[in-house]
Amino acid sequence: MVLRPLVILPDSQLRLVSKPVEAVTPAIRTLVEDMFETMYDAPGIGLAAIQIGEPVRVVTIDLSKPAPEGEPPAPKEPQVFINPQVTWSSEELNVYEEGCLSIPEYYEEVERPARIKVRFMDLDGATREIEADGLLATCLQHEIDHLDGVLFIDHLSRLKRERVTKKFAKAAKRSAA
Ligand code: K2U
Ligand code: ZN
């Protein structure tokens with residue numbers, strides 16, 4: 001398992017449409033291991049492969065709560081979604097303050113369908129479908145957006161989106177100088 005550098009806004013890789021996975025190969029298994037290593041280290045509760053520069057339709061999620069300071073580590077609950085597709089979403093909406101490992105230290109409220117059904121391939125290559133609500137629904141929609149080159153700031157007002165895009169473009173320019 002390798003810690004991989006995160007792709008950060010305004011890197012244009014984040015706007016790529018990731019390619020479907022044909023089969024669960026050893027390379028895909030290694031990618032998933034690297035994604036979990038990088039996600040837990042960030043720390044984050046979700047990660048899309050493009051966020052470590054791999055334009056393939058793979059998402060890792062773990063909503064388990066970290067143990068309080070000084071307590072033994074809580075059991076992990078890793079979930080892998082390969083080629084995830086939303087097959088149904090509720091009319092009812094939910095608002096959640098989202099962040100993104102590729103847009104560090106920026107949080108804004110985003111409205112999304114409260115419940116969704118997602119069809120995907122698991123690590124055994126089996127096709128599965130789950131119904132998600134709450135934080136899992138929000139996180140899955142956030143990650144599936146990543147696979148289509150969409151960022152959570154694309155769901156904000158143009159003013160807010162332009163402000164944060166300019167901020168990260170300036171920071172990138174400063175660090176390149
Ligand atoms: O895709 C990512 O950047 C991973 C996000 C996933 C996420 C975004 C919005 C809402 C839930 C999950 C990171 O885990 S960002 C860290 C985080 C954790 C909990 C809530 C919000 C953001
Ligand atoms: Zn993100």
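What you see is a predicted model, and the numbers here were worked out from it, not measured in a lab. Heavy-atom basis, side chains included; hydrogens, waters and symmetry copies ignored.
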For the side chain of [X] and the backbone of [Y], is there at least one donor-acceptor N/O pair under 3.5 Å apart?
| X | Y | answer |
| --- | --- | --- |
| Gln141 | Ala137 | yes |
| Asp124 | Ala126 | no |
| Gln51 | Ala48 | yes |
| Ser102 | Ile8 | no |

Would a 4.5 Å heavy-atom cut-off, applied to side chains only, mark [X] and [Y] as touching?
| X | Y | answer |
| --- | --- | --- |
| Ile130 | Phe81 | yes |
| Lys160 | Tyr106 | yes |
| Glu143 | Thr138 | no |
| Val58 | Leu31 | yes |
| Pro113 | Leu93 | yes |
| Thr38 | Leu6 | yes |
| Tyr96 | His142 | no |
| Val80 | Phe120 | no |

Minimum-distance pair of heavy atoms, taken over all atoms of [X] and [Y]:
| X | Y | result |
| --- | --- | --- |
| Ala42 | Gly44 | CB-N, 3.8 Å |
| Pro75 | Ser64 | O-CB, 3.6 Å |
| Ala67 | Pro73 | CB-CA, 3.9 Å |
| Leu140 | Ala132 | CD1-CB, 4.0 Å |
| Ile116 | Val118 | CD1-CG2, 3.5 Å |
| Ala114 | Ser90 | N-OG, 3.3 Å |

Nearest 0.5 angstrom please: [X] [atom1] to [Y] [atom2], how far?
| X | Y | atom1 | atom2 | result |
| --- | --- | --- | --- | --- |
| Thr165 | Lys167 | OG1 | NZ | 11.0 Å |
| His146 | Leu16 | NE2 | CG | 12.5 Å |
| Leu151 | Leu156 | CG | CG | 10.0 Å |
| Ile45 | Glu77 | CD1 | CD | 12.0 Å |
| Leu147 | Asn83 | CG | CG | 8.5 Å |
| Ile153 | Leu9 | CD1 | CG | 5.0 Å |

Taking a hydrophobic cluster as the set of Ile, Leu, Val, Met, Phe, Trp and Tyr residues connected by side-chain heavy atoms closer than 4.5 Å, whether directly or through intermediates, do [X] and [Y] fall within one such cluster?
| X | Y | value |
| --- | --- | --- |
| Val150 | Val164 | no |
| Val86 | Met121 | no |
| Leu123 | Val56 | yes |
| Ile61 | Ile28 | no |
| Leu101 | Val32 | yes |

Could you tell me whether [X] and [Y] make a salt bridge, using a distance below 4.0 angstrom between a side-chain N and a carboxylate O?
| X | Y | answer |
| --- | --- | --- |
| Arg57 | Asp148 | yes |
| Arg29 | Asp34 | no |
| Glu37 | Arg4 | no |
| Arg115 | Asp133 | no |

Can you name the residues that form a salt bridge (Lys or Arg N to Asp or Glu O under 4.0 Å) with Glu129, not counting sequence neighbours? Arg119
Between the side chains of His155 and Glu111, is a donor N or O closer than 3.5 angstrom to an acceptor N or O? no
Using the side chain to side chain contact (heavy atoms under 4.5 Å, CB included) rule, take Met35 and Ile52 through it: C-alpha gap first, then chi angles, then the decisive distance, then the call. CA-CA 8 Å; Met35 288 176 68; Ile52 59 169; 3.7 Å; yes
Assess whether side chain to side chain contact (heavy atoms under 4.5 Å, CB included) is satisfied between Val95 and Val110, documenting all intermediate values. CA-CA 5 Å; Val95 177; Val110 177; over 6 Å; no
Run the side chain to side chain contact (heavy atoms under 4.5 Å, CB included) check on Leu47 and Val59 step by step: do they pass? CA-CA 6 Å; Leu47 193 70; Val59 164; over 6 Å; no
If you count every heavy atom of other residues, nucleotides or ligands that lies below 6.0 Å from Arg128 atom CZ, does the total exceed 12? no
I'd like to know whether CD of Glu92 has more than 12 heavy-atom contacts from other residues, nucleotides or ligands below 6.0 angstrom.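 Yes - once you tally the heavy atoms of other residues, nucleotides and ligands closer than 6.0 Å, there are more than 12.
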May I have all residue pairs that pass ring-ring contact (aromatic ring centres under 6.0 Å, His included) and include part of residues 20-69, sequence neighbours excluded?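 Residue pairs passing ring-ring contact (aromatic ring centres under 6.0 Å, His included), neighbours aside: Phe36-Tyr40.
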